[in-house]
Trainee: 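What follows is a single structure, and I will ask about it in a moment.
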Amino acid sequence: MNLKPLMLAGAIGLAATAASAECAFENDVPLKSLSAGFEAWKAVTDAMAECGNFSASLDQEFREKQPEAFAADPSLYHIGGVANATLIPLLNAGSVRPLDDLVAEYGSQLTPNQLIKIDGQTMAVAMMVNAQHLMYREDILNDLGIAVPTTYDEVLAAAEEIRAAGVVDYPLGGTFKTGWNLGEEFINMYLGEGGQFTGDGNMPTINNEKGVRALEVMKAMTVYMDPEYLVSDSTYVQQQFQQGKIAIANLWASRAGAMDDEAESQVVGKVKMAAAPMGSERPASSLWWDGIVIATNISDEEAEAAFRVAMEGMDAETVQANNDAAVWLVSGYTPGPLAMGAAATAEAGAAPYPASGPMGIMHTVLGNGIADYLTGAKDAETTLADIETAYVTAAKESGLIE
Amino acid sequence: MPFRTFAIFVGPSVFMMLLFIAFPLVSVFSQSFYVTQPIYEVVTSETCTPGFIAQTCVTEEKSVPVLDEDGEIVTRTRFVGLESYRNVLELGRAWDALSQGSWRAFQAIDFWKALRFTLSFTLITLPLVIGLGLAIAVVINNAARAIRGPVIFVSLLPFIITPVIGALSINWLFRGDGILTAALEHYTGRDIAMFAQAWTIEILMMFYRVWHVAPFAAIVLYAGLQTVNQDALESALIDGATRWQRLRYVVIPHLMPLIVFIAMIHLMDSYRVFEEVVGFSSQGHVISLQWLTYDFLVPDQAGNRSISRASASAMLTMIGIVILLIAPLRRTWRDHRGGR
């Protein structure tokens with residue numbers, strides 16, 4: 001594995017100046033934020049709260065609340081936590097403001113990589129990246145003399161050997177829970193094959209050889225999984241790893257820390273990270289980022305205070321205190337072995353998640369439609385054709401297709 | 001009672017019913033015939049997003065909603081007639097599947113798949129709820145007075161538990177190597193996966209619903225048991241009727257209006273089965289009509305939602321309940337008229 005990106009990022013980390021122990025300024029403008037509720041957001045919003053007059057809502061249903069809350073005038077929140085996909089409705093409604101002036105004034109510690117630019121305007125500031133990549137039990141692979149798999153064919157071959165050896169309950173794990181998770185799995189595979197989801201006029205373009213190939217690989221994997229794969233989400237796969245029930249899975253980088261959590265895990269130090277297996281063209285994964293936006297419908301003073309508080313939350317001090325909670329983009333982060341999978345996946349050329357309005361619909365219909373193929377109710381072409389039909393119906397209703 | 005007094009007493013509740021039940025229903029009904037959508041324009045834009053070290057920039061054509069001068073998204077509402085209903089029912093596909101005699105293709109269509117499960121769920125749990133409810137009521141009635149209070153309390157417990165919590169706890173008992181699955185595996189000596197195929201999930205869901213609702217039936221029937229004519233029971237005893245015959249020919253006919261009442265409530269409730277689908281996360285295998293409505297209504301991560309289809313699906317669910325209720329309602333109506 002090429003360690004260059006890791007060392008490079010580490011060098012950036014060393015160069016960062018040590019931040020003061022607490023918030024650098026006293027905030028006197030009441031501020032509120034709404035974001036997802038995972039570990040990294042908790043760390044960042046806790047640090048923001050040190051500046052005073054700040055209250056955070058950490059909410060797993062944030063994506064349903066955010067568009068309405070930010071469209072209100074005045075906006076119900078000042079700071080929003082978003083990812084690739086959840087930024088889209090806010091951008092579409094014009095409810096988040098360009099941040100270029102604020103970045104110039106208060107964002108000197110930000111790296112260019114952190115600034116999400118739409119047509120040259122900075123609309124969001126990222127704090128971390130996330131991607132699904134390969135996690136494997138190093139001890140099992142070593143015992144059986146299997147090399148770390150780099151393609152899905154190798155993953156399947158390894159799974160066969162592990163099953164023959166009978167060392168774990170199920171050789172593979174997978175976030176195949178019907179809905180968002182299952183949709184994401186297909187999207188990863190299909191991106192790996194170099195596929196396009198929509199074409200001219202937002203029409204769907206998934207019913208092709210690449211789509212069929214993606215489905216076939218997914219089905220081949222299910223043979224080696226817990227038969228209850230259609231209810232298995234990220235937490236379930238993480239627990240399967242921690243309890244030593246599975247040997248290989250393509251799991252979120254944000255879950256890597258849990259493998260070495262001594263309070264929960266029985267396999268501390270045995271789970272290693274590697275790049276997502278390659279598809280025909282790219283790694284079968286998609287790159288996600290998480291970051292902050294500032295609402296349009298608030299006064300400029302509030303926006304300024306909100307941005308300064310957000311920068312305090314995303315500073316080197318927060319990151320150093322929570323180094324393994326995420327793959328941080330913030331200066332001061334020291335990438336450890338747990339970040340190796342995400343780094344290698346990105347370096348191998350994984351595509352960013354292709355977030356857009358049509359993609360939101362596509363993700364939903366994929367998540368609902370693929371189970372029928374995996375359970376054997378439909379063949380691959382019918383499944384993809386039905387998913388395209390469902391997509392067209394929904395896209396017509398929302399006005400994306402004439 | 002003078003009409004004025006009557007009107008003053010009833011007025012507020014009529015107003016509330018209009019406000020919270022009738023108007024929303026009318027609004028859902030009309031929404032199912034209209035589609036409201038933003039007006040999109042196609043723009044070419046460049047998006048740069050973070051990678052691990054360097055950014056990835058993509059230039060592509062995007063559909064972006066048009067904003068008016070106040071910064072609001074411009075929308076357009078148009079009348080589409082029955083199109084949303086057609087999109088939910090997919091009659092063409094359903095007919096093709098049926099004319100080819102392919103039940104499997106028919107069951108691949110969301111609405112019909114959901115209807116199949118909803119109907120079988122409703123009709124299978126109905127007799128079980130009434131039967132188990134009656135059994136519990138008889139047990140309570142025959143329990144010694146000293147322990148009757150605790151017995152009633154214990155048998156009511158499942159009914160008190162919040163439905164989603166109850167469904168989740170059953171889910172966890174059986175999921176993966178949950179304790180009950182582990183126990184079953186221990187006794188049968190084979191690997192059991194309750195959530196790997198549709199029929200086991202359906203059995204769990206029905207089991208959960210019966211467990212949850214039977215206490216309600218029991219408490220209603222127990223109240224009814226207190227009013228059974230003791231003279232009639234005594235005469236039956238003197239005539240040499242067995243315990244079963246007394247139940248069959250004296251008690252059950254007396255309880256019949258209550259049984260019809262429970263049946264109606266249960267039909268209405270279980271046709272709207274939803275908590276089970278969510279609690280057991282069964283949507284990969286089994287969906288219900290109410291879940292389908294919910295799924296249309298939930299926005300995806302880009303903020304799109306299908307309100308018109310959700311409205312159509314909600315109206316169809318209501319029509320389904322009305323059809324189911326015709327039989328018990330006619331019976332009540334006949335009894336009511338006959339009783340005069």
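Chain A is the first sequence line, chain B the second, and so forth, proteins listed ahead of strands; every chain is numbered from 1. The figures that follow rest on heavy atoms only: side chains count, while hydrogens, waters and symmetry mates do not. Since the structure is predicted, the reported quantities are computational estimates derived from the model, not experimental observations.
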Trainee: Considering only heavy atoms, which portion of B:V43 lies under 4.5 Å from any heavy atom of chain A: side chain, backbone, both, or neither?
Mentor: neither
Trainee: Select one option (side chain, backbone, both, neither) describing which atoms of A:Y353 are under 4.5 Å from chain B's heavy atoms.
Mentor: side chain
Trainee: Which pairs with one or both residues in residues 70-115 of chain B pass ring pair (Phe, Tyr, Trp, His ring centres under 6.0 Å), sequence neighbours excluded?
Mentor: B:F33-B:Y85, B:Y34-B:F79, B:W103-B:F106, B:F106-B:W112
Trainee: Identify which part of B:T44 has an atom lying under 4.5 Å from any heavy atom of chain A, answering side chain, backbone, both or neither.
Mentor: backbone
Trainee: Can you name the one residue among B:E60, B:K62, B:Q55 that meets side chain to side chain donor-acceptor pair (under 3.5 Å) with B:T47?
Mentor: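 Checked B:E60, B:K62, B:Q55 against B:T47; only one passes side chain to side chain donor-acceptor pair (under 3.5 Å): B:K62.
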Trainee: I'd like to verify something: which residue of B:E72, B:E61, B:R175 has the highest number of heavy-atom pairs under 4.5 Å with chain A?
Mentor: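 Greatest number of close heavy-atom pairs with chain A: B:R175.
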Trainee: Can you tell me which portion of A:Y170 sits under 4.5 Å from chain B's heavy atoms? Options are side chain, backbone, both or neither.
Mentor: side chain
Trainee: Relative to chain A, which segment of B:N171 carries a heavy atom at a distance below 4.5 Å: side chain, backbone, both, or neither?
Mentor: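 Contact with chain A: none, neither part.
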Trainee: Are the side chain of A:S75 and the backbone N or O of A:A71 linked by a donor-acceptor pair below 3.5 Å?
Mentor: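 Pair absent, no side-chain N/O of A:S75 close to backbone of A:A71.
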Trainee: I need the residue from A:I88, A:L115, A:T198 with the largest number of non-hydrogen atom pairs under 4.5 Å to chain B.
Mentor: A:L115
Trainee: Compare all side-chain heavy atoms of B:H285 with those of A:L230 and state whether any distance is below 4.5 angstrom.
Mentor: yes
Trainee: Between A:V231 and chain B, which part of the residue has a heavy atom less than 4.5 Å away: side chain, backbone, both or neither?
Mentor: both
Trainee: Would you mind checking if B:R116 and B:E202 are paired as a salt bridge, meaning a charged N to carboxylate O distance below 4.0 Å?
Mentor: yes
Trainee: Would you kindly say whether A:Q238 and A:T235 are connected by a side-chain donor-acceptor distance under 3.5 Å?
Mentor: no
Trainee: Only pairs of heavy atoms separated by less than 4.5 Å count here; which of A:D226, A:N368, A:N84 has the most with chain B?
Mentor: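 The residue among A:D226, A:N368, A:N84 with the greatest pair count is A:N368.
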Trainee: Is it the case that the side chains of A:Q66 and A:T86 hold a donor-acceptor pair, with the cut-off being a distance below 3.5 Å and no angle test?
Mentor: no
Trainee: Pick from B:R93, B:Q107, B:R76: which one has the most heavy-atom pairs with chain A under 4.5 Å?
Mentor: B:R93
Trainee: Can you tell me which portion of A:N92 sits under 4.5 Å from chain B's heavy atoms? Options are side chain, backbone, both or neither.
Mentor: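 Interface part for A:N92: both.
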Trainee: Measure distances from A:L287 to the heavy atoms of chain B and classify the residue's part below 4.5 Å as side chain, backbone, both or neither.
Mentor: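 Side chain only.
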Trainee: Hey, which of A:R63, A:H363, A:E64 is the one that makes side chain to side chain donor-acceptor pair (under 3.5 Å) with B:Q301?
Mentor: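 Filter result, single survivor: A:H363.
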Trainee: Who among B:S281, B:A198, B:S282, B:A105 has the most heavy-atom pairs with chain A under 4.5 Å?
Mentor: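 Of B:S281, B:A198, B:S282, B:A105, B:S281 has the most heavy-atom pairs under 4.5 Å with chain A.
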Trainee: Can you measure from CH2 (B:W291) to OG1 (B:T118) and round to the nearest 0.5 angstrom?
Mentor: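 Going from CH2 on B:W291 over to OG1 on B:T118, the span is 12.0 Å.
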Trainee: Could you check if a side-chain atom of A:T122 sits within less than 4.5 angstrom of a side-chain atom of A:I116, using non-hydrogen atoms only?
Mentor: no
Trainee: Is it true that B:R309 and A:E397 have a side-chain N and a carboxylate O under 4.0 angstrom from each other?
Mentor: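 Counted as a salt bridge, because a side-chain N and a carboxylate O are separated by less than 4.0 Å.
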Trainee: Any side-chain heavy-atom pair from B:M205 and B:I170 closer than 4.5 angstrom?
Mentor: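 Side-chain contact under 4.5 Å: no.
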Trainee: In terms of heavy-atom pairs under 4.5 Å, which option from B:I73, B:I287, B:D110, B:V298 contacts chain A the most?
Mentor: B:I73
Trainee: Select one option (side chain, backbone, both, neither) describing which atoms of A:N202 are under 4.5 Å from chain B's heavy atoms.
Mentor: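 Side chain only.
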Trainee: Is B:I109 in contact with chain A via its backbone, its side chain, both, or neither, using a 4.5 Å heavy-atom distance?
Mentor: neither
Trainee: Sort A:S398 into side chain, backbone, both or neither according to what part of it lies under 4.5 angstrom from a heavy atom of chain B.
Mentor: both
Trainee: Side chain, backbone, both or neither: which part of B:F280 has a non-hydrogen atom closer than 4.5 Å to chain A?
Mentor: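 The answer is the backbone of B:F280.
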Trainee: Of all of B:S63, B:P299, B:G303, B:A193, which one pairs up most often with chain A through heavy atoms under 4.5 Å apart?
Mentor: B:A193
Trainee: Quick check on the interface: out of A:A346, A:P112, A:P67, who has the most heavy-atom pairs with chain B under 4.5 Å?
Mentor: A:P112
Trainee: Contact part of A:D386 toward chain B, heavy-atom cut-off under 4.5 Å: side chain, backbone, both or neither?
Mentor: side chain
Trainee: Which atoms of B:T36 come close to chain A, meaning under 4.5 Å heavy atom to heavy atom: side chain ones, backbone ones, both, or neither?
Mentor: backbone
Trainee: Can you measure from CD (A:Q240) to CE (A:M225) and round to the nearest 0.5 angstrom?
Mentor: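 It is 9.0 Å, given to the nearest 0.5 Å.
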Trainee: Does the B:Q37 side chain pair with the main chain of A:K396, one donor and one acceptor, at a distance under 3.5 Å?
Mentor: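 Flag set: sc B:Q37 to bb A:K396 pair under 3.5 Å.
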Trainee: Could you walk me through whether B:F174 and B:F195 pass the ring pair (Phe, Tyr, Trp, His ring centres under 6.0 Å) check?
Mentor: CA-CA 8 Å; B:F174 285 99; B:F195 288 86; 7.7 Å; no
Trainee: Quick one: what part of A:F176 sits under 4.5 Å from any heavy atom of chain B, side chain, backbone, both or neither?
Mentor: neither
Trainee: If you count heavy-atom pairs within less than 4.5 Å of chain A, which of B:P38, B:C57, B:S306 leads?
Mentor: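 Between B:P38, B:C57, B:S306, the count favours B:S306.
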Trainee: Answer with side chain, backbone, both or neither: which region of A:T393 has an atom nearer than 4.5 Å to a non-hydrogen atom of chain B?
Mentor: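 A:T393 touches chain B through backbone and side-chain heavy atoms alike.
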Trainee: If you count heavy-atom pairs under 4.5 Å between each of A:G367, A:A377, A:G179, A:A126 and chain B, which one has the most?
Mentor: A:A377
